[in-house]
Structures are given as structure tokens and as C-alpha cells.
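Read through the structure below, which is laid out as C-alpha cells, and then see the notes.
Both backbone and side-chain heavy atoms feed into the values below; hydrogens, waters and symmetry mates do not.
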Amino acid sequence: MRASSSLSAADARRITLAAQGFGKPRPSAVGTRQLNGAMARMGVLQIDSVNVFARSHYLPLFSRLGAYDTAVLDRLLFAHPSPYVESWAHVAAFIPLQDWSLFRFRMDDLHAKYASDPNGWFQTHREIVNWVRGELATRGPLRPAEIDHDAKQTRRGPWWDWDVVKHALEYLFLFGEVAIAGRRGFERRYALAEHVIPAAVLESPVPREEAVRELVRRAARAYGVATASDLADYWRVKDRRAIMTAIGDLSASGELQPVTVQGWESGGRPAKAWLHRDARVPRSVDAAAILTPFDPVVWFRDRAARLFDFDYRIEIYTPAPKRQFGYYSLPVLVGDDIVGRVDLKADRAASTLRVQSAWWEHGRRSDAAARLSEELRTAAAWQQLEHISISYWGDATGDLADTMPEASRHERAAS
């Protein structure tokens, strides 16, 4: 930990990237040990259903470790028993199984929010909820499609057209009565929590104040340096008072050190930030990676703006003609900075990685095109795609084409 109470913006970037696992060369081979190590650094792996290039939970490990066999990760995440479990941690995410109890306070809060209203969905559908709970108790882990109820086809709700069974399962999952026992493809298998979570974990809930303090500690370690808002967002803890109490406790114990970071401001004044005592301040970081929108490095957009001067929004829900960068643009990390973004699509029918658009950010390095081209080749091979095609949309596409003579070109996609 550095003695100075002031950090440059470049220091903060390098601290964060090192804490997140970008400070060292990628391993020559990736197996269970490397995957577990990367998971331990992040503490959480966000889940998202978009699969235009690759499932989002596969990408943070690819970004840090390079090409790996996703079947190995699948076995880690979905084997029975697994060292990991799904939880509403940073929204839907994989966490270490032993951390389930850290989120008991959140399950209780969600129960109080959704189950106490006598006119809410949960209370007005108690008969169905009890029936679904009974099915899981009798039959064990089940996919929603395996739970048949007369009301399924006639009573659908506003959430992604979920039927009543799916509604009941998701509420019970939020409340901690149900856990995810694996997936078939991307479809969840639901089970009573006691059929998935060891009794020693299930029966040892962590008190709220202690849990928040531990989550803040882990967020600080995972970020290296952070503001209170950063620490709160890592686990989506909305109780500002609890966050500040935890920061105070960790500062008093010497685990966190108050610092200022050049350029980090709040209300026209230097923003308060804290450095974790184990944070490493490398002299340089020479990473190259394509990130998912749900990578901890960029998932909190305010922090991405402070760290990288990177204004980031994904445009999935933006009408195609109004998109500025593409349907699902992915940030590009070269060195210690975000230097661009690429919108990728895995065209499996044509065995082609399609670069639908590519754009540079300010201050890109002279080797950015060559470094990104190599990452695209690695990404195509990782996804078992034989070809790469680059569109004409975006100010980086020409540079990429120049450094990838083997790639073909295509016109901008219609949507």
C-alpha cells in the first residue's frame, strides 16, 4: 500500500486493473485453478442472457485468461455439488457457495418488499406458490417446463411473458427459499434451497451489519481504490448509511486508507475515495482484452467515466437507426486504458466472427489496431469460428482491416 494520500488518474487505472487480474501476462494454459483464481479476484460473475457473441459470464474469464475451454467453467458452475451458486448479488450472478449467507439480509429485504403486500402478486397467488413449493419438495430440482399447472397457459404476467409457475419460482429464488441447481442450456433448474445449499451455510445467516462490512471489504479489495458509490454498486447495496459505517470500521482498522484521485470530483470538490491496504500500484499495465458490458471494470458506468473517461451505454434497446456504436458494443482495453469498442457477432452458420462496428476512443496507442486484431483472432478461435469479417461502420474498421489482411469485409448490418 502506498503512503501517499493522493493518486494520479493513471495510478487509479493501474490499481484497478491489477486488482481485477489484468496486471500479469495470461497463463499459457487455463484449467480449474486459473478459473477459480480469476473468480476469487472478482468475487462475483454477472449473468446475462444476450448471446450474440458469447454468454456474458464466459467473457470476464476470457478477458483475463485468454482462450479457455468453457466446458471446464460449466463443470465448475453447474456440477453437483458445485463450489458456486447463483444469487441476486450484483443482480443475477454466480458467487462462491459459501457466500450465500452473506446475502441473507437482501433476501429478507426482498421478501419484505414483495411478500408482505396483501394485494401484491405473491400474496394473491399463494395457492400456486405453495403448490410449486410442494412440487420441488416432492420431485426435486425442476425446470419450469417440467412443472405443469392448469393456470400456466392462461395467466401470464408482464415479466418477459412469464407464466405463474415461473413467477412463483423467481419470487422464491429472490427470497432464498429456492436455489438454482444448475441449468440446461440457459434454462434454470430450480430446487428448494436445502437441496442445494449445505446446512452449515444455510443455517448460518450473517447479520446485516457484518455482511455489509464484509461486502464492502471485498469490493474494496476487488477494485483496489474506490469511492463509496463504487463500493456500494459492486454488490448493489442501496443503504448509504450502512456503506459509510462499514467504510468507517474498515478505515479504523487500517484496512482502508482515505485518498484522493486526480480528476475524481463530487460537487466540484475532490471526491472521497479509499485505497485497500493490499492494493498494488504497478508502474505499468500492458493488457489487451475485449470486455463484456458486465465486467466489474466497466459495469458501473459512473466509475468507467472516472477511470477511463469512457462514456458507455449498450444500445440493445435503442432502435437500429439511432444506434451510435452498435447493438452490443464491447469495450476494448489496451495497455491501461479503454481505447475503443467493437460490436461482435458470432455467425455460426458461416463460421465467421463478424465485427459489426468498431470505434476508437481518445488517446488510443499507435499499436491499438494490431493489439485488437490479435484479440479478435483469439476470440474467433475461442468461439471455434474459422473466419473474420469486418464491416465498414466505425472509424476503427479500416485500421483493423489493414492489420488483418486475412479478414473479409461486409456492409453494415440492417439491424
Side-chain angles (χ1 to χ4, degrees), residues 22 48 50-56 58-60 62-63 66-67 286-295 297-298 301 304-305 307-415:
F22 290 99
D48 185 75
V50 176
N51 192 27
V52 65
F53 166 56
R55 295 287 187 197
S56 188
Y58 290 134
L59 272 167
F62 170 71
S63 301
D286 192 28
I290 299 168
L291 308 178
T292 172
F294 307 113
D295 192 296
V297 173
V298 295
R301 309 309 193 216
L307 274 175
F308 305 107
D309 194 16
F310 183 54
D311 183 16
Y312 187 37
R313 300 293 184 273
I314 54 176
E315 299 177 287
I316 293 174
Y317 303 111
T318 302
K322 296 183 178 181
R323 289 177 190 144
Q324 183 178 1
F325 297 110
Y327 177 77
Y328 197 63
S329 63
L330 308 176
V332 175
L333 172 69
V334 174
D336 66 1
D337 206 358
I338 302 294
V339 303
R341 60 189 92 196
V342 292
D343 183 18
L344 302 182
K345 178 180 179 179
D347 183 347
R348 303 201 180 277
S351 193
T352 298
L353 176 62
R354 297 194 177 277
V355 182
Q356 304 287 66
S357 71
W359 310 84
W360 293 128
E361 292 292 307
H362 56 84
R364 67 180 176 91
R365 296 167 26 155
S366 60
D367 64 346
R371 299 288 295 276
L372 175 54
S373 294
E374 195 56 38
E375 281 303 295
L376 291 171
R377 293 185 183 103
T378 301
W382 177 54
Q383 288 296 300
Q384 300 180 327
L385 302 170
E386 299 175 286
H387 313 291
I388 298 174
S389 181
I390 303 169
S391 82
Y392 292 93
W393 185 29
D395 62 6
T397 56
D399 295 330
L400 292 178
D402 289 344
T403 56
M404 303 182 75
E406 77 276 17
S408 59
R409 304 297 300 270
H410 66 272
E411 297 296 333
R412 175 179 175 180
S415 62

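- Here the CD1-CG distance, from I314 to D48, works out to 7.0 Å after rounding to the nearest 0.5 Å.
- Among all heavy-atom pairs drawn from I316 and Y328, the shortest one is CD1-CD1, 3.4 Å.
- In this structure, OH on Y312 lies 5.5 Å from CZ on R301, to the nearest 0.5 angstrom.
- Nearest heavy-atom pair, T352 versus A350, reported as atom, atom and distance to 0.1 Å: OG1-O, 2.8 Å.
- Annotation for Q384: atom CD does not count as buried by contact number, only 12 or fewer foreign heavy atoms lying within 6.0 Å.
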Exercise for review: Please assess M404 against L376 for the test side-chain contact (heavy atoms from CB on, under 4.5 Å), listing each intermediate value before the final yes or no.
Suggested key: CA-CA 10 Å; M404 303 182 75; L376 291 171; 4.1 Å; yes
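- Between R313 and D311 there is a salt bridge, with a side-chain nitrogen of the basic residue lying less than 4.0 Å from a carboxylate oxygen of the acidic one.
- Between R377 and E374 there is a salt bridge, since at least one side-chain N of the basic residue sits less than 4.0 Å from a carboxylate O of the acidic one.
- Distance check: S329 OG to L291 CG gives 11.5 Å after rounding to the nearest 0.5 Å.
- Taking the charged nitrogens against the carboxylate oxygens, D399 and R364 do have a contact shorter than 4.0 Å, which makes a salt bridge.
- The OH atom of Y327 lies 10.0 Å from the NZ atom of K345; values are rounded to the nearest 0.5 Å.
- A369 and L400 make their closest contact through O-CD2, 3.8 Å (heavy atoms, listed as atom of the first residue, atom of the second, distance).
- The minimum heavy-atom distance between R365 and G335, with the atom names listed, is NH1-CA, 3.4 Å.
- Rounding to the nearest 0.5 angstrom, the gap separating the CG atom in L372 from the OG1 atom in T403 is 7.5 Å.
- With rounding to the nearest 0.5 Å, the separation of CG in D347 from CZ in F53 is 13.0 Å.
- Counting heavy atoms from C-beta outward, P60 and F294 have side chains that stay 4.5 Å or more apart.
- The backbone N or O of I390 sits less than 3.5 Å from a side-chain atom of R409, completing a donor-acceptor pair.
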Check your understanding: How far apart are the C-alpha atoms of H410 and Q356, what are their side-chain angles, what is the distance that settles it, and do they pass the side-chain contact (heavy atoms from CB on, under 4.5 Å) test?
Key -> CA-CA 8 Å; H410 66 272; Q356 304 287 66; 2.9 Å; yes
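- Relative orientation of the F62 and W382 rings is parallel, given thresholds of 30° and 60° on the angle between their planes.
- Here the side chains of E375 and S63 are not in contact, with every heavy-atom distance at 4.5 Å or above.
- Of the residues listed (V298, V297, V342, T292), the one engaging P331 in a side-chain contact (heavy atoms from CB on, under 4.5 Å) is V298, and it is the only one.
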Exercise for review: Test S391 against T397 for side chain to side chain donor-acceptor pair (under 3.5 Å), laying out the working first.
Suggested key: CA-CA 7 Å; S391 82; T397 56; 5.5 Å; no
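- Side chains of R348 and Q383: a donor on one and an acceptor on the other come within 3.5 Å.
- Between the side chain of E315 and the backbone N or O of Q324 there is at least one donor-acceptor pair closer than 3.5 Å.
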Review point. Given the rule in the side-chain contact (heavy atoms from CB on, under 4.5 Å) test, do L333 and V339 qualify, once you have shown the distances and angles that lead to the verdict?
Key: CA-CA 6 Å; L333 172 69; V339 303; over 6 Å; no
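- Looking at R412 and D343, no side-chain N of the basic residue comes within less than 4.0 Å of a carboxylate O on the acidic one, giving no salt bridge.
- Counting heavy atoms from C-beta on, the side chains of E361 and V334 never come closer than 4.5 Å.
- In this structure, W359 and A396 approach most closely via the heavy-atom pair N-CB, 3.7 Å.
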Practice item. Output, in order, the C-alpha distance, side-chain angles, deciding distance and verdict of side-chain contact (heavy atoms from CB on, under 4.5 Å) for L59 and I290. Key: CA-CA 8 Å; L59 272 167; I290 299 168; 5.5 Å; no
